[in-house]
Amino acid sequence: MSILKFLFTLFLITPILLQAKSNEDLSLLKVPMDEFIDSLMKKMTLEEKLGQLAQYAGGGSLGFNTRIDDDRKEMIRKGKVGSFLHVLGADFLGELQKIAVEESHLGIPLIFGLDVVHGLKTIFPVPLASACSFEPEAVKKTTRIAAVEAAASGIHWTFAPMVDIALDPRWGRIVEGAGEDPYLGAVMAKAQVEGYQGDGLSFENSILACPKHYVAYGAAQGGRDYNSAEVSKRTLGGVYLPPFLAAVKAGAGSLMNGFNDINGEPMASNRELLTSVLRGKWGFEGFVVSDWNSIAELINHGVAKDRVDAGKKALSAGIDMDMTSGIFGEEILKSVKKGEISQELVDKAVRRILETKYKLGLFDDPFKYCEVEAEKAEILKEEYIKFAKEIACKSIVLLKNENGVLPLKKDLEKIAVIGPLADDRRAPLGSWKAAGEEKDVVTVLEGIKNAVAKDTQVLYSRGCEVSGDDKSGFEEAVSVASEVDIVVLVLGESADMSGEARSRSEIGLPGVQKELAEIIVETGTNVVVVLMNGRPLATPYLSENVSAILETWLLGIQSGNAIADVLFGDYNPGGKLAVTIPRRVGQIPCFYYHKNTGRPASDDVRRHTARYIDLPITPLYPFGHGLSYTKFKYSGLKIKNKKVEANDSLEISFSLKNTGKVAGSEVVQLYVKDVVASVAPPVKKLVGFRRVYLGKGEEVRIGIKMPVNLLGFYNKEIKKVVEPGEVKIMIGSSSEGIRLDDSFIIEGEISEIDDSEIYYTAVKVNRD
Ligand code: BGC
């Protein structure tokens, strides 16, 4: 402990030391958190308290800033800032921390936050992509590495994971989450929180996680970002809340509200959800940060008459820290002094923030993440880059592979790589690229060149731009395509077409890319399409006309090498869709856990059923879909306990065999359906999965232990219950590819279950 820190700590805890009864109490490090904070808060002026509730941007860049204006430094000196966001750099942040610790009255350390969403410098696949790996352990590792890099660069806090369930591909922020399914979303939320926070906040390299945007932000009407959500309590509890609950139960130390209103109540002032549910029911002990300026936006929502009123409403609802609006930091001061806003509310929020700083170990060592040497050593390590390729490979979904056109041979005489994204370095970094740099990205063209035999000629033509109507590159593209046996056509969206404020009203290929595909297909050469995109793209033309399609989303810095590994069979793809891909925008919302309705959709257009007269009822590709270069046989389903009660676990097993010619992986998926319930149940609900790797010819027995409570749903009284009766179980390779099914009976009475608990299914692979 440095002299400075010693003196600082001594200053804060002198009153405690004076009361100490034993030698043990005298150990500075053992001052319990509550006593430490009580003592600190006694010394704080009201202005300093409000300062702790204020978070400001470090500068104008929405990425990150590495310098700060003098007036901001002055604010630190005056104790008017609790946190900065959009800042980065061990040296720079060390300098700010020094001002806070050495030059402000009480020396309270700052907490620095940044959107480290899919990597800091080593950029991994966007979250929608990595969710398609169906491998929470791998996703956890990406967030662990991201935390290590961020911590080494001065960051204590990430605004992640984004755990919003998204059913609408028009919504640009679908790219930031784990897709449409609440169970998969909960599993991925837990994995990411555990990765960021590591072994505990006080440990080296742990950063504070911040699940966002609480809640139903993804239910924006029309897929238009920031729009209102109309969500019933049943759907809120069954669909939108579970990933947040999972994140909270995994120990997330902070949480961010959504910009949206739910049924007319903006989330920045929603006391029921921010306090009664989050703290009351779920026992959340961290602090809540408002999303950017969302406190001030309560005025636009029409629920606050002015900024002070907005501040009062947000603070009373349960928001503790104000991101950028400046209202908590200064503007509510008078009202608190006059007693119009309760001092007790302010104190509660201050305490939560100080507690977090304490738990992060910042009072013990405010400079713990400010070591310039560590920053250099920890960034973009060889092993991180290697893992970036591994998780990128795991995230790729093979949508179509006609006549086994993939994998390609490496010793082809010639191959053409065509398309506006084939040599693009920006798209794979996606939204929230943090400190990721284009120079570190391997493009598809480069990946293919790295992979093929020395004598193979790789021809390249851009063809067209991602958007716009310029077709002047078509001629060259056609001539290149006509010269070869195989074309790899790389199409999709640029990085700025998904993410925040990037909603689209059409979800097809932008610009003239479809036309480019058409003229390439017309050459008669075999076409393999590599899609790069931040949302499901409705591309029925491609599905009908090209030989193979790889959905690669936006895969991060190792994009090109991972795609080449899959194209040439060095990696056998096994990712599955975490989100349904519709045929057309008019099918939205298109998701697998819809209800049956009284008139379930039928293929027969003459009958009056829940379908369109101008479109098949099925999606282009269903949730859970994804092919492999090998085949899997499912057999021998056994249910150990066909009669269970709500608190039991159902035990089932089945065999899975790799019957193809190469090693590969399969994501086995368990779905359930209540046959009869008091409210209409979904046609299927995912309650368990596991990605299983099998050698050629290998067969394993898979054992599943599913808590029956996973069948819980919100009944007419909005109580979470498990109802007795028959339940169908379906085991499959996708939500539409059910391979084994059976049913079991839940006996007993209707049981109300604890909806502040989260249940997980264990899926074990038994290899003899
Ligand atoms: C976004 C958040 C983000 C914050 C800080 C907001 O506009 O909605 O997701 O964490 O900015 O960058």
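Just follow the structure's listing: the first ligand is 1, and inside any ligand the first atom is 1. Predicted model, so just to flag it, every value in this text is computed and none were measured. Because only heavy atoms are used, hydrogens play no part in the values below, and waters and symmetry mates are left out as well, while side chains stay in.
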Dump the pairs for me: ligand 1 N or O, protein N or O, distance under 3.5 Å, to 0.1 Å.
{"residue": "ligand 1", "atom": "7 (O)", "partner": "E500", "partner atom": "OE1", "Å": "2.9"}
{"residue": "ligand 1", "atom": "7 (O)", "partner": "E500", "partner atom": "OE2", "Å": "2.9"}
{"residue": "ligand 1", "atom": "8 (O)", "partner": "R173", "partner atom": "NH1", "Å": "2.7"}
{"residue": "ligand 1", "atom": "8 (O)", "partner": "D291", "partner atom": "OD1", "Å": "3.4"}
{"residue": "ligand 1", "atom": "8 (O)", "partner": "D291", "partner atom": "OD2", "Å": "2.6"}
{"residue": "ligand 1", "atom": "8 (O)", "partner": "E500", "partner atom": "OE1", "Å": "3.4"}
{"residue": "ligand 1", "atom": "9 (O)", "partner": "R173", "partner atom": "NH2", "Å": "2.8"}
{"residue": "ligand 1", "atom": "9 (O)", "partner": "K212", "partner atom": "NZ", "Å": "2.9"}
{"residue": "ligand 1", "atom": "9 (O)", "partner": "H213", "partner atom": "NE2", "Å": "2.7"}
{"residue": "ligand 1", "atom": "10 (O)", "partner": "D115", "partner atom": "OD1", "Å": "2.6"}
{"residue": "ligand 1", "atom": "10 (O)", "partner": "K212", "partner atom": "NZ", "Å": "3.1"}
{"residue": "ligand 1", "atom": "12 (O)", "partner": "H86", "partner atom": "NE2", "Å": "2.8"}
{"residue": "ligand 1", "atom": "12 (O)", "partner": "D115", "partner atom": "OD2", "Å": "2.5"}

* Do V308 and I327 come within less than 4.5 Å of each other through their side chains, counting heavy atoms only? -> no
* Validation row, ring centre Y196 to ring centre W157 under 6.0 Å ->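 They do not qualify: ring centres at least 6.0 Å apart.
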* **W292 ring center near H213 ring center (under 6.0 Å)** =>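 Here the rings of H213 and W292 have centres that are no less than 6.0 Å from each other.
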* To do: Describe, in one word, how the ring planes of F112 and H156 are oriented to each other, choosing from parallel (under 30°), tilted (30 to 60°) and perpendicular (over 60°).
  =>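 Correct class here is parallel.
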* **Flag for T122-E149: side-chain donor and acceptor within less than 3.5 Å** =>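 T122 and E149 do have a side-chain donor-acceptor pair below 3.5 Å.
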* Would E437 and K121 pass as an ion pair if we require N to O under 4.0 Å? ->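 Counted as a salt bridge, because a side-chain N and a carboxylate O are separated by less than 4.0 Å.
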